[in-house]
Amino acid sequence: MAGVNTMEKKLAEYKCDTNEAICLKLVRFPEDVEDDGTTFHPEYSHQIYGDDEVAFGYKGLQIQLFYTAGNLSTLFKVKYSSKVTETFDCVEPDDIEGKIREIVPAGFTCNTDDFISLLEKEANFQPFGTLLHTYTVHSEEAGELTYQIHKVDITCPGFQEYHERLQTFLMWFIETASFIDADDDRWDFFLVFEKYNKDGETLYATVGYMTVYNYYVYPDKTRPRVSQMLILPPFQGEGHGAQLLEAVHRFYCSLPKVQDITAEDPSESYVKLRDYVLVKLCQGLPSFAADKLPLGFSADMAKEPQDKLKINKKHARRVYEILRLRATDMSDEEKAREYRLEVKKRLFGPYRKNQREMAKMKKCLRPEELLSHVDQMDTQTQHEELEKSYQVVVEDYRRIIERIATHA
């Protein structure tokens with residue numbers, strides 16, 4: 001038994017955390033290749049290496065996926081200090097390379113010198129598609145940096161191959177990511193690029209992107225639905241997501257056939273970003289005037305955002321709650337109570353639905369069957385959960401209000 005435990009301990013030395021082992025880079029200059037400061041790591045790797053996010057069979061494992069900053073030409077190398085087969089004849093290591101090759105399109109190089117030579121071609125790289133929006137961000141180190149947002153479709157020469165390289169990042173940063181069928185012409189693509197200077201020339205670096213699918217709405221409308229959105233980690237926290245979402249929203253608002261704009265299974269962070277952008281767009285609308293907010297969510301508050309900004313009623317309701325919070329003196333007990341009841345009225349919807357379903361079950365189920373379906377949450381617990389939900393919502397709303405005030 002002691003021998004088995006010793007063997008297990010020795011084999012455990014050949015296990016590596018794949019989130020740490022995978023090293024990603026967006027390379028602009030040759031010196032970036034050896035600069036650990038330009039490396040970033042995945043948030044997730046379970047879709048490639050399993051739920052444990054562990055690779056077996058190597059010590060000191062490093063999986064290098066380096067991309068040129070603009071065209072995303074790729075270097076793929078696997079390095080390690082030792083392999084389990086060097087010590088144990090009968091133990092097989094995981095197929096590290098094979099799993100990466102399943103998601104990284106052909107055309108990559110495994111030679112660092114060849115990869116560095118590809119940097120010289122970056123001067124020829126130009127953003128794909130049509131320019132929608134240009135904006136600047138102030139950097140303490142570099143001063144004013146200029147960014148561009150472009151709309152592209154899959155027929156743009158060279159874009160399909162570029163997109164195949166770009167979408168590999170989804171696997172590392174979106175928990176339930178999947179690749180899309182880009183050949184479907186109902187897909188729209190929106191890209192963010194940074195303009196930067198290298199040896200006196202203007203070059204472009206990939207910052208992030210969004211994919212949107214145009215669904216048909218009877219009889220003659222479309223409903224663009226955001227499918228994927230990713231700002232690459234070196235650029236996160238700089239406001240690019242808000243710029244991209246707002247530019248995309250304004251683009252679809254300009255199209256008469258668009259019914260409204262939605263998102264597919266949005267994450268919490270996306271919902272917060274959308275709330276921020278939609279409040280910015282709606283705060284100047286007459287229906288959301290400060291004197292109208294205390295009167296409650298009105299038909300005009302649903303209709304005007306729909307007609308002018310393609311915002312559906314559900315999203316407009318959240319905009320109303322945020323703007324009403326901003327306009328409410330929460331130190332006034334009566335006004336704070338009115339606001340709290342107004343928000344809780346919406347939050348109570350799911351509980352009310354459960355109560356209706358329970359009433360139906362009571363009519364058609366035997367007592368023993370009913371017990372297995374009864375929600376054990378009593379009225380007191382419901383009130384407590386509702387209060388928790390309210391506090392979370394208000395805290396999120398306050399952050400949005402603060403962000404808008406900061407960028408006003």
Side-chain angles (χ1 to χ4, degrees), residues 128-130 132-133 149-156 159-160 163 166-167 170 174-192 208-231 241-283 285 287-288 297-323 346 349-350 353 400:
F128 298 96
T130 306
L132 287 186
H133 179 55
I149 297 173
H150 289 242
K151 178 190 176 291
V152 197
D153 62 59
I154 203 66
T155 61
C156 186
F159 177 68
Q160 184 157 5
H163 175 257
L166 176 59
Q167 69 178 352
L170 296 176
I174 296 181
E175 190 170 7
T176 56
S178 59
F179 293 164
I180 64 173
D181 176 14
D183 290 330
D184 189 330
D185 63 7
R186 284 179 288 185
W187 283 108
D188 287 334
F189 302 84
F190 300 87
L191 304 170
V192 186
Y209 83 119
M210 178 190 288
T211 58
V212 180
Y213 194 79
N214 291 286
Y215 282 87
Y216 167 72
V217 178
Y218 181 84
D220 61 351
K221 298 280 188 180
T222 61
R223 173 172 285 124
R225 180 182 292 178
V226 176
S227 174
Q228 302 156 325
M229 179 179 177
L230 177 65
I231 301 299
Q243 290 281 355
L244 175 57
L245 187 55
E246 183 173 347
V248 169
H249 210 97
R250 289 188 184 280
F251 168 76
Y252 286 118
C253 284
S254 70
L255 304 180
K257 287 191 173 292
V258 168
Q259 176 80 17
D260 55 26
I261 303 155
T262 62
E264 179 184 340
D265 299 326
S267 64
E268 281 187 27
S269 58
Y270 179 85
V271 170
K272 292 172 186 176
L273 181 66
R274 180 176 63 196
D275 283 343
Y276 168 72
V277 169
L278 297 190
V279 168
K280 273 185 69 182
L281 292 172
C282 289
Q283 60 185 346
L285 296 179
S287 57
F288 289 105
F297 184 65
S298 67
D300 283 347
M301 290 175 182
K303 186 175 187 306
E304 189 178 20
Q306 174 72 63
D307 292 346
K308 294 181 179 178
L309 297 167
K310 318 290 186 179
I311 296 171
N312 63 38
K313 183 178 179 180
K314 180 181 175 182
H315 298 162
R317 167 75 196 206
R318 291 178 66 90
V319 168
Y320 151 73
E321 290 177 3
I322 295 167
L323 290 175
R346 174 180 64 81
K353 182 181 178 183
I400 291 165

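Quick note: numbers below take in every heavy atom, side chains included, and nothing from hydrogens, waters or symmetry partners. Numbers here simply count residues along the sequence, with the first being 1. Keep in mind the model is a prediction, meaning the values are calculated, not measured.
- When all heavy atoms of Ala316 and Ile311 are compared, the pair lying nearest together is N-CG2, 3.8 Å.
- When all heavy atoms are compared, the tightest approach of Leu309 to Cys253 is O-SG, 3.1 Å.
- Annotation for Lys310 and Tyr252: closest pair CE-O, 4.0 Å, computed over non-hydrogen atoms.
- Side-chain contact annotation: Asp183 with Gln160, donor-acceptor N/O pair under 3.5 Å present.
- Tested against Thr211, the residues Glu264, Gln228, Arg225 include a single side-chain hydrogen bond (donor to acceptor under 3.5 Å, both in side chains) partner, Gln228.
- Looking at Tyr218, its side chain never comes within 3.5 Å of a backbone N or O of Lys221 through a donor-acceptor pair.
- The number of heavy atoms from other shown groups lying within 6.0 Å of NZ (Lys314) does not exceed 12.
- Ring-plane geometry between Phe189 and Trp187 is classed as tilted, the angle between the planes lying from 30 to 60 degrees on a 0 to 90 degree scale.
- Scanning all heavy atoms of the two residues, the minimum distance from Cys282 to Val319 falls at CB-CG1, 3.7 Å.
- Atom CG of Leu281 is separated from atom CZ of Phe288 by 11.0 Å, given to the nearest 0.5 angstrom.
- In this pair, His163 and Phe159 present their aromatic rings tilted. The plane angle is within the 30 to 60° band.
- Judged purely by atom type and a 3.5 angstrom limit, Asn214 uses its side chain to pair as donor or acceptor with the backbone of Arg186.
- Judged by distance alone, the side chain of His150 and the main-chain N or O of Leu191 form no donor-acceptor pair under 3.5 Å.
- Of all heavy-atom pairs between Arg318 and Asp275, the closest is NH2-OD2, 2.7 Å.
- Using modelled atom types, one finds no donor on one side chain facing an acceptor on the other under 3.5 Å when comparing Arg223 with Tyr215.
- With 3.5 Å as the limit, one finds a donor-acceptor pair spanning the side chains of Asp153 and Thr155.
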Review point. Can Leu245 and Tyr270 be said to form a side chain to side chain contact (heavy atoms under 4.5 Å, CB included), step by step?
Key: CA-CA 10 Å; Leu245 187 55; Tyr270 179 85; 3.5 Å; yes

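- Pro305 approaches Asp300 most closely through the heavy-atom pair CD-O, 3.8 Å.
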